[in-house]
Amino acid sequence: MAESSLLDRSRTVAGPGYNRWLVPPAALAIHLAIGQAYAFSVFKKPLGALVSGNPDAPAPTDWTPGQLGVIFSIAIVLLGLSAAVFGKWLERVGPRKAMMAAALCFGGGFFIAALGVHLHSIWLVYFGYGFVGGIGLGIGYISPVSTLIKWFPDRRGVATGMAIMGFGGGAMIGSPLAVALMDRFKDTAPKE
């Protein structure tokens, strides 16, 4: 018999005496991380002033607030669509593989979007943060919820409520963290 991979569904079965209350904090942490999407508004001014360097006096080639709002819209639409489309796949392969796919999509979406910012390509940002990152959001959102429902059939509302609280609370952590990171790593060189 072949040994199973660390990500296989069979490896998610807990042994005797496992405390099921260790699962909700992990789900909460996942949702806090992906809930960063709700803090997207902190990126709008800096992204809208990439060329001019001044959000109050944008250059003609700076991105408009409307263009930037589309990024968040794409991500949220893809969150819902991917949650619906990949739900059955999650049930088949298990939460470990699904969360690996979510992490690769969500993180990879940031890297693609960063390349789009560097190249000043709004379409690449749409694709990276919106499309690829949005798929990661959807899979990352449903994986902990599905897992908690199975672990807490007697307390579904309490268990899933903790994870959902994390998604909404992600902006409380993501927003100040993003602002601090942008302040720390901003480019202070004069624009040409």
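Rounded to the nearest 0.5 angstrom, L47 CG and I71 CD1 are separated by 6.0 Å. Interatomic distance, W89 CH2 to S82 OG, rounded to the nearest 0.5 Å: 10.5 Å. The distance from atom CG of L119 to atom CG of L115, rounded to the nearest 0.5 Å, is 4.5 Å. F106 contributes atom CZ, which lies 5.0 Å from atom CD of Q36 (distance to the nearest 0.5 angstrom).
Relative ring orientation between F131 and F127 is described as parallel, the plane-to-plane angle staying below 30° on a 0-90° scale split at 30° and 60°. The aromatic rings of Y141 and F167 sit perpendicular to each other, their planes meeting at more than 60°, with 30° as the lower class boundary. Note: Y129 and F40 have tilted aromatic rings, judged against thresholds of 30 and 60 degrees for the angle between ring planes.
Environment of CZ in R155: sparse, with no more than 12 heavy atoms of neighbouring residues, nucleotides or ligands closer than 6.0 Å.
One N or O on the side chain of D62 and one on the backbone of S52 form a donor-acceptor pair closer than 3.5 Å. Of the possible polar contacts, none joining the S175 side chain to the M172 backbone as a donor-acceptor pair under 3.5 Å is found.
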Discussion item. Would F152 and W21 count as a ring pair (Phe, Tyr, Trp, His ring centres under 6.0 Å) here? Give the steps.
Written reply: CA-CA 9 Å; F152 292 89; W21 287 100; 4.6 Å; yes
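The cluster map of Ile, Leu, Val, Met, Phe, Trp and Tyr, joined by side-chain heavy atoms under 4.5 Å apart, puts V70 and V42 in the same cluster. When the side chains of ILVMFWY residues are joined at heavy-atom separations under 4.5 Å, either directly or via intervening members, L32 and M165 end up in a single hydrophobic cluster. M99 and V145 sit in two unconnected hydrophobic clusters of ILVMFWY residues. Membership requires side-chain heavy atoms under 4.5 Å apart, directly or through other members.
In terms of heavy atoms, H31 sits closest to G140 at NE2-O, 3.8 Å.
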